[in-house]
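See below for the structure under consideration.
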Amino acid sequence: MMSLAARSGVFSPYMQATAFAVAGPLKPLVPGVVVKAEKFLMDPKKPFLCRETLSGQSPKTGPAVTVSINGCAGVRFAHTDIKVPDFSDYRRQEVLDPFKSSQESSESRRTFSYLFTGVTAVVGVYAAKTVVTQFVSSMSASADVLAMSKIEIKLGDIPEGKNMTFKWRGKPLFVRHRTEKEIEVEAAVNLSELRHPELDKDRVVKPKWVIVIGVCTHLGCVPISNAGEYGGYYCPCHGSHYDASGRIRKGPAPLNLEVPYYEFPDDDTVIVG
């Protein structure tokens, strides 16, 4: 008991803080606690440590010690007067009454939900379409590149039996004005003799004009016009021979010369691209 009384002294501040707790100015919730201990007998053979909160003498002067823990008469009020937030101004009139069935306002709420979902979907689709359009437009060719994608050639400047070279999209473009003899020879070629079989009429729009890209299909060299064993084009790098229709006839090239898209707006002009 002596040890309990001695240890109880440190709880005095807590007892003072919790003497009374009330919900309002007049109504107490928890009664205060007052503890008093007097005249505890002590065994003289055991040591005793005195504390500031104990009133008495040390074991050497006498065995009687009086201990008291006094509760404070102060009052602490509980915070029960907090105002609960009211969100009635933000709620719809149909759901303000807590005793009213939600089924009565379900139709209007469902209509609002459908309308809000539809508007959100339309706005989202329009935004996605705008983003995709801008992204695709940013990847398209610029105006200067589009201007170079087509080339207009005056055919009257090319004499019969000759070939002229133009630059188109960074590549050489061969425009050949064939003679009647060349047209007859190329039209009479047997397809079984060709590595890459193509009819002459399928490679030209007008028989007297042959328009091909001047890049060898072997390793990308530029052939020489009006040369080779077949009088068409000859690639001196690896010995590929093409005829006057641009078809491979001899050498390592696997394919005929490429024919680009072109059209004739009139008899003296051709637009390539």
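Excluded from the calculations below are hydrogen atoms, water molecules and symmetry mates; all remaining heavy atoms, backbone and side chain alike, are included.
Taking the side chain as every heavy atom from C-beta outward, Thr217 and Ile248 never approach each other to under 4.5 Å. Counting only heavy atoms from C-beta outward, the side chains of Trp209 and Val204 never approach each other to under 4.5 Å. Using a 4.5 Å cut-off on side-chain heavy atoms (C-beta onward), Cys237 and Leu219 make no contact. In this structure, Phe174 and Val222 have side chains that are in contact, with non-hydrogen atoms separated by less than 4.5 Å. Counting heavy atoms from C-beta on, the side chains of Thr133 and Val131 never come closer than 4.5 Å.
Under the 4.5 Å side-chain contact rule for hydrophobic residues, Leu257 and Leu199 do not share a cluster. Hydrophobic clustering, with ILVMFWY side chains joined whenever heavy atoms are under 4.5 angstrom apart, groups Val189 together with Leu191. Linking Ile, Leu, Val, Met, Phe, Trp and Tyr residues whenever their side-chain heavy atoms come within less than 4.5 Å leaves Ile158 and Ile183 in two separate clusters.
Applying the side-chain contact (heavy atoms from CB on, under 4.5 Å) criterion to Pro252, with sequence neighbours excluded, gives His218, His238, Ser240. Not counting sequence neighbours, Tyr230 has no partner by the ring pair (Phe, Tyr, Trp, His ring centres under 6.0 Å) test. Listed by chain and number, the residues in a side-chain contact (heavy atoms from CB on, under 4.5 Å) with Asn226 are Asn163, Arg176 (sequence neighbours excluded). Every residue two or more places apart in sequence or in another chain was checked for a side-chain contact (heavy atoms from CB on, under 4.5 Å) with Ala187, and none qualifies. Every residue two or more places apart in sequence or in another chain was checked for a side-chain hydrogen bond (donor to acceptor under 3.5 Å, both in side chains) with Thr120, and none qualifies.
Summarising the geometry, atom CD belonging to Glu180 is positioned 6.5 Å from atom CD belonging to Glu184; distances are rounded to the nearest 0.5 Å. Atom SG of Cys216 sits about 10.0 Å away from atom CG of Leu255, to the nearest 0.5 Å. The CG atom of Asp267 lies 9.0 Å from the CG atom of Leu155; values are rounded to the nearest 0.5 Å. Going from atom CZ of Arg110 over to atom CG of Leu115 covers 14.5 Å, rounded to the nearest 0.5 Å. Note: Met164 CE to Asp157 CG = 6.5 Å, rounded to the nearest 0.5 Å. Between the CZ atom of Phe264 and the CD1 atom of Ile271 there is a distance of 10.5 Å, given to the nearest 0.5 Å.
Listed by first and then second residue, the side chain to side chain donor-acceptor pair (under 3.5 Å) pairs that reach into residues 249-260 are His196-Asn256, Glu198-Asn256, Glu229-Lys250, Asp243-Arg249, sequence neighbours excluded.
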Checklist entry - So Val212 and Arg203, side chain to side chain contact (heavy atoms under 4.5 Å, CB included) or not? Walk me through it. => result CA-CA 9 Å; Val212 294; Arg203 293 178 54 82; 3.7 Å; yes
Checklist entry - Yes or no on salt bridge (charged side-chain N to carboxylate O under 4.0 Å, His left out) for Arg178 and Asp200, after CA distance, side-chain angles and deciding distance? => result CA-CA 12 Å; Arg178 295 193 300 185; Asp200 180 68; 2.9 Å; yes
Item to check | Test log, rule side chain to side chain contact (heavy atoms under 4.5 Å, CB included), inputs Phe166 and Ile153 | outcome: CA-CA 9 Å; Phe166 301 89; Ile153 301 173; 3.5 Å; yes
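For Tyr234 and Tyr242, the gap between ring centers reaches or exceeds 6.0 Å.
Remark: the backbone N or O of Val205 is paired with a side-chain donor or acceptor of Tyr262 at under 3.5 angstrom. The main-chain N or O of Glu193 is never found under 3.5 Å from a side-chain atom of Asn190 such that the two would form a donor-acceptor pair. In terms of modelled atom types and a separation under 3.5 Å, the side chain of Glu182 and the main chain of Thr179 share a donor-acceptor contact. Distance alone, capped at 3.5 Å, places no donor-acceptor pair between the Thr269 side chain and the Pro265 backbone. Between the side chain of His241 and the backbone N or O of Gly228 there is no donor-acceptor pair closer than 3.5 Å.
A 6.0 Å sphere centred on NZ of Lys181 holds no more than 12 heavy atoms belonging to other residues, nucleotides or ligands. The neighbour count for Glu263 CD, taken as heavy atoms of other residues, nucleotides or ligands under 6.0 Å away, is above 12.
We find that Glu186 and Arg247 are joined by a salt bridge, their nearest charged nitrogen and carboxylate oxygen being less than 4.0 Å apart.
Across Thr165, Val215, Ile151, a single residue satisfies side chain to side chain contact (heavy atoms under 4.5 Å, CB included) together with Leu173, and that is Ile151.
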